[in-house]
Amino acid sequence: MSYLTDAPIDQQRLTEAVMRPSDGALALFAGVVRDHHQGRAVESIFYECWRPMAEKEMAKIDAEVAAAYPDVAIAFVHRLGLLQVGEASIVIACSSPHRDEAFTACREIIERVKLTVPIWKREKGPDGEEWVGWQGK
Amino acid sequence: MSYLTDAPIDQQRLTEAVMRPSDGALALFAGVVRDHHQGRAVESIFYECWRPMAEKEMAKIDAEVAAAYPDVAIAFVHRLGLLQVGEASIVIACSSPHRDEAFTACREIIERVKLTVPIWKREKGPDGEEWVGWQGK
Amino acid sequence: MKVRLLLFAVLRDIVGADERELEVADGTRAIDLWNGLRIDYPRLAPYEKPPFTAVNQDYVQPEAVLRDGDEVAFIPPVSGG
Amino acid sequence: MKVRLLLFAVLRDIVGADERELEVADGTRAIDLWNGLRIDYPRLAPYEKPPFTAVNQDYVQPEAVLRDGDEVAFIPPVSGG
């Protein structure tokens with residue numbers, strides 16, 4: 001299964017993908033396009049990705065977090081392309097018999113995705129488009 | 001709005017209830033009936049509640065967590081009655097411009113609900129039914 | 001004075017009732033009602049204090065002094081979530 | 001030897017290409033390619049090191065020595081999630 005998608009992410013389907021009869025807890029995180037960033041208005045965000053390496057990095061995060069929290073079932077997907085305000089760019093679902101590992105694993109996955117997965121966003125606002133972060137200038 | 005329901009909890013509706021255009025993060029927690037507890041098999045759980053005080057305690061938790069994390073929008077519902085394995089007993093949705101407060105508020109709400117809200121569960125397994133926790137014996 | 005005693009979950013099962021109207025003396029504390037239950041119901045005898053106590057839907061210490069019309073609840077450890 | 005250089009996001013926009021085939025001398029390091037870009041594209045001149053470097057889809061130090069057929073990517077700070 002791919003960690004990347006060009007279509008809206010179905011939160012319910014991701015939840016169902018992880019829940020097992022032995023699970024008492026689900027921790028879910030969604031990253032969503034918001035209408036502002038560092039004081040600038042945002043209308044939409046384009047997510048660009050280096051797909052093969054992104055898939056590889058996400059599989060690595062999946063495997064390493066699963067190894068650290070063996071009771072946790074994990075599913076996560078990042079969306080690519082043009083997203084409007086209110087649309088989810090990433091959804092992470094972690095289920096576990098007990099809530100502590102589910103929360104911790106979920107949090108760890110989003111932190112790691114933001115650190116290493118080669119995905120970049122270009123924000124569009126009333127003043128035009130701009131790559132977020134380092135801009136080489 | 002009530003914090004208690006006798007019907008299945010709609011995770012998607014709760015999500016939609018909290019998301020605002022300014023939110024970049026959603027942290028959601030679901031507590032789910034699992035098929036075991038302290039080594040015993042569990043088939044279903046009956047949730048009993050002292051409704052007026054439970055509503056009051058949950059409103060207090062809501063208000064206090066909202067005051068501690070003013071950027072977070074909060075919605076949570078506890079289900080009562082007979083639940084089968086795999087069904088959610090509680091769903092908590094917290095949205096926020098940034099993920100840290102959303103995660104923290106969500107976690108704080110479930111911890112507080114478990115501490116003070118007058119709800120009790122009676123587990124049914126192959127050996128019969130039993131109140132969970134203190135049994136006066 | 002009159003107070004109303006509410007019992008839930010396992011406590012209701014032990015006592016066999018979810019509610020009692022009680023006529024008590026002025027100065028009666030919540031824990032005095034608990035001690036009454038301990039005498040009547042041997043399963044409760046080992047417990048010197050109720051798990052939790054609420055008066056008029058607020059958690060209080062079991063030593064709280066009751067007033068006429070109070071609604072006293074002994075609350076087994078909660079297990080929601 | 002031949003290596004392939006990949007560029008993404010803002011780096012691709014600056015260079016105006018997402019991919020280049022390069023003929024380089026044995027012993028060439030990833031950072032040598034970066035320094036080549038800095039000469040050709042003044043916007044990159046102030047940056048003594050690339051933000052991140054990957055060779056064959058693994059993050060490496062920019063001083064990594066390249067081998068024939070390597071795929072080198074200079075990766076702007078990621079902003080997914």
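In what follows, every heavy atom counts, from backbone to side chain, and hydrogens, waters and symmetry copies are set aside. In what follows, chains carry the letters A, B, and so on, assigned in the order in which the sequence lines appear, proteins first and then strands, with residues in each chain numbered from 1.
More than 12 heavy-atom neighbours from other residues, nucleotides or ligands sit within 6.0 angstrom of NZ on B/K114. Around atom CZ of B/R20, more than 12 heavy atoms belonging to other residues, nucleotides or ligands sit under 6.0 Å away.
Heavy-atom proximity under 4.5 angstrom to chain B picks out C/N56, C/Q57, C/D58, C/Y59 from residues 56-65 of chain C. At a heavy-atom cut-off of under 4.5 Å, chain B is reached by C/W34 from residues 27-39 of chain C, listed in order of number. Contacts of residues 18-25 of chain C with chain B at a heavy-atom distance below 4.5 Å are absent; not one residue qualifies. Contacts between residues 67-81 of chain C and chain B, defined by a heavy-atom separation under 4.5 Å, are made by C/E71, C/A73, C/I75, C/P76, C/P77, C/V78, C/S79, C/G80, C/G81.
For chain C, no part of B/I109 is nearby; none of its heavy atoms comes within less than 4.5 Å. Contact of B/E111 with chain C is not made at all, since no heavy-atom distance falls under 4.5 Å. At a 4.5 Å heavy-atom cutoff, the contact between B/K121 and chain C is made by backbone and side-chain atoms alike.
Scanning all heavy atoms of the two residues, the minimum distance from B/M53 to C/A54 falls at SD-CB, 3.8 Å.
Summarising the geometry, atom CG belonging to C/D13 is positioned 7.5 Å from atom CD belonging to B/E48; distances are rounded to the nearest 0.5 Å.
The ring pair (Phe, Tyr, Trp, His ring centres under 6.0 Å) test with C/F8 singles out one residue from B/Y47, B/W131, B/W120, and that residue is B/W120.
Each of B/S89, B/P52, B/C49 has some count of heavy-atom pairs under 4.5 Å with chain C, and the biggest count is that of B/P52. By number of non-hydrogen pairs under 4.5 angstrom with chain C, the leading residue of B/A30, B/P118, B/A54, B/A88 is B/P118.
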